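Remember, it's a predicted structure, so these values are computed and weren't measured experimentally. Counting starts at 1 for both ligands and their atoms, following the listed order.
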Amino acid sequence: EKGTYPHYMLKEIDEQPFVIRNIISKYKDENENIKLDEDVRTAVTQADRIYIIAAGTSYHAGLVGKEMIEKIAGIPVETHIASEFLYNMPLLSEKPLFIFISQSGETADLRGVLVNVKKLGHPTLTVTNVPGSTLSREAEYTLHTHAGPEIAVASTKAYTAQMAVFAILAVDAAQKRGVTMEFNPLQELAIVANAMEIFTERKEELEQVARDFLSTTRNCFFIGRALDYHVCQEGALKLKEISYIQAEGFAGGELKHGTIALIEDGTPVIGLATQPAVNLNIRGNMKEVVARGANPCMISMEGCEDEGDTLVIPRVHEYLTPLVSVLPMQLISYYAALHRDCDVDKPRNLAKSVTVE
Ligand code: F6R
């Protein structure tokens, strides 16, 4: 039930700190180490390449999951859109592992791929919020995202939960492969949960951002680099699906190769700057759009902040920034949709679970 909340989406955004703490407790053993099914552990570390298959928001989580597994565990990963992979399969490695990410566990495009790769004899793992679902039952292994029921059509807490599970999976694989790690994901996720919590108190600020930047616009761009780019793709999807504002998430450096032609006087550009290695670059990209009249909204993280940023979010581990930086995007989208009188929980033309191809 949504209780005192006007919409499920807002309730589910607010639940994210609790979901992350729940995940920590479910994936921790009595010695404070990572608790994971030994079979899953073996499947991940024996793979010479991991293929992540997903759709929509779960695909965006998969893009972040790839970065985590490659950077933390050193295993090559490809993330694919399920409906593309289904009819246009790339060359596979010798010992692939397939990971399906699905909140509902019912998405037909994923199921098609699952059936095909099982026929080829490859191991399969489903990361899902619904353990009894089709994709969970039909895959060899399942990891539960423990986010609780997600009712709003726009996915929020399932996305952050999926990324949290990938962080744990990546570190576990690294440990199993003997890679020395400074990074304790269970501790770092606790810091993430605390950082998420500040947004329960800062909603008015985000409502104001939505008012200032999005109340009359027809379109909006999100720009970021590295992990921030993937969060921008998710931010744009969230805004499109519930507020019907045309939005696009772009890699900061790619804008000048064509898309910058769309920047006009007053076009809102939401920039994300949480990655120290590319902070100067994304700020340079923001200057380029401002010079063409854009209305800039910079969201940064402590350590990357600059005077004039619209919002500075608390610092968390560099690999986990998407789990926090997506919250302001979710809230901005929520308020933009409200201001435009859109049906936040049930946007037009969409269903919560897409069981047809
Ligand atoms: C966006 C959204 C969709 C789903 C997609 C996959 O907010 O909800 O893009 O993420 O349909 O659904 P699942 O994760 O259930 O496979």
Side-chain angles (χ1 to χ4, degrees), residues 7-13 15-16 19 51-65 79-86 98-115 124-139 142-166 222 230-249 322 326-327 329-334 336-337 342-357:
H7 298 98
Y8 281 107
M9 184 181 176
L10 195 60
K11 172 174 177 271
E12 290 162 4
I13 290 173
E15 280 171 354
Q16 290 175 105
V19 170
Y51 294 80
I52 296 177
I53 311 292
T57 289
S58 297
Y59 170 70
H60 294 153
L63 295 171
V64 173
T79 303
H80 291 271
I81 294 171
S83 59
E84 281 297 304
F85 193 98
L86 187 51
F98 282 85
I99 304 185
F100 298 84
I101 311 179
S102 178
Q103 188 286 128
S104 63
E106 301 296 342
T107 304
D109 293 325
L110 277 72
R111 173 141 196 270
V113 178
L114 178 69
V115 168
T124 51
L125 161 66
T126 292
V127 176
T128 184
N129 204 29
V130 186
S133 59
T134 308
L135 289 169
S136 162
R137 280 185 279 109
E138 295 186 358
T142 294
L143 286 178
H144 188 353
T145 47
H146 295 289
E150 191 179 66
I151 310 293
V153 164
S155 183
T156 54
K157 62 177 180 171
Y159 170 75
T160 43
Q162 289 161 350
M163 295 189 295
V165 168
F166 267 89
F222 292 77
H230 303 316
V231 181
C232 285
Q233 290 169 282
E234 173 57 12
L237 176 59
K238 223 68 319 162
L239 187 63
K240 282 187 265 209
E241 67 179 325
I242 60 170
S243 76
Y244 317 139
I245 296 169
Q246 184 163 19
E248 226 51 69
V326 76
L327 267 74
M329 305 224 168
Q330 295 168 344
L331 285 164
I332 290 170
S333 302
Y334 172 78
C342 299
D343 187 345
V344 171
D345 282 341
K346 287 201 172 60
R348 69 185 181 208
N349 308 343
L350 292 172
K352 180 69 183 160
S353 136
V354 186
T355 52
V356 290
E357 255 187 41

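In terms of N/O distances under 3.5 Å, ligand 1 is not approached by L110.
Of the protein's heavy atoms, S104 OG, 2.7 Å lies nearest to atom 15 (O) of ligand 1. Scanning the protein for heavy atoms near atom 8 (O) of ligand 1, the closest one is V153 O, 3.1 Å. Ranking protein heavy atoms by distance to atom 12 (O) of ligand 1, first place goes to T107 OG1, 3.6 Å. Considering only non-hydrogen protein atoms, atom 6 (C) of ligand 1 sits nearest to A55 O, 3.4 Å. Nearest non-hydrogen protein atom to atom 11 (O) of ligand 1 is V354 CG2, 4.1 Å. Distance from atom 3 (C) of ligand 1 to its nearest protein heavy atom, with residue and atom name: T57 N, 4.1 Å.
A donor-acceptor pair is defined here as one N or O able to donate and one able to accept, closer than 3.5 Å; such a pair exists between the side chain of D345 and the backbone of M9. The backbone N or O of S155 sits nowhere less than 3.5 Å from a side-chain atom of Q103 that would complete a donor-acceptor pair.
T156 and Q330 share no donor-acceptor pair across their side chains, judged by distance under 3.5 Å alone. In summary, the side chains of T134 and E106 do present a donor paired with an acceptor at a separation below 3.5 Å, with no hydrogens or angles considered.
Every atom of ligand 1 is numbered from 1 in the order shown, and the set under 4.0 Å from a heavy atom of A154 is 7 (O). Within the listing of ligand 1, atoms 13 (P), 14 (O), 15 (O), 16 (O) sit less than 4.0 angstrom from a heavy atom of S102. Under a 4.0 Å criterion applied to the non-hydrogen atoms of S155, ligand 1 contributes the atoms 7 (O), 8 (O). Close approach to S58 involves these atoms of ligand 1, each under 4.0 Å from a residue heavy atom: 10 (O), 13 (P), 14 (O).
Counted within 6.0 Å of CD on E357, heavy atoms from surrounding residues, nucleotides or ligands total more than 12; the atom is thus considered enclosed. The 12-atom threshold is exceeded at NZ of K352, counting heavy atoms of other residues, nucleotides or ligands nearer than 6.0 Å.
Of the listed residues (V344, I245, I242), just one forms a side-chain contact (heavy atoms from CB on, under 4.5 Å) with S333, and that residue is I242.
Across Q103, E241, E234, Q162, heavy-atom proximity to atom 7 (O) of ligand 1 is greatest for E241.
Judged by the shortest distance from any of its heavy atoms, S353 lies outside the 4.0 Å radius around the atoms of ligand 1. Residue contact annotation: T156 has no non-hydrogen atom under 4.0 Å from ligand 1. At least one heavy atom of K238 sits under 4.0 Å from some atom of ligand 1.
We find that E138 and R111 are joined by a salt bridge, their nearest charged nitrogen and carboxylate oxygen being less than 4.0 Å apart.
Take E84 and apply the salt bridge (charged side-chain N to carboxylate O under 4.0 Å, His left out) test, not counting sequence neighbours, and it matches no residue. Remark: F98 pairs with Y51, F85, H122 by the ring-ring contact (aromatic ring centres under 6.0 Å, His included) rule, at least two apart or across chains.
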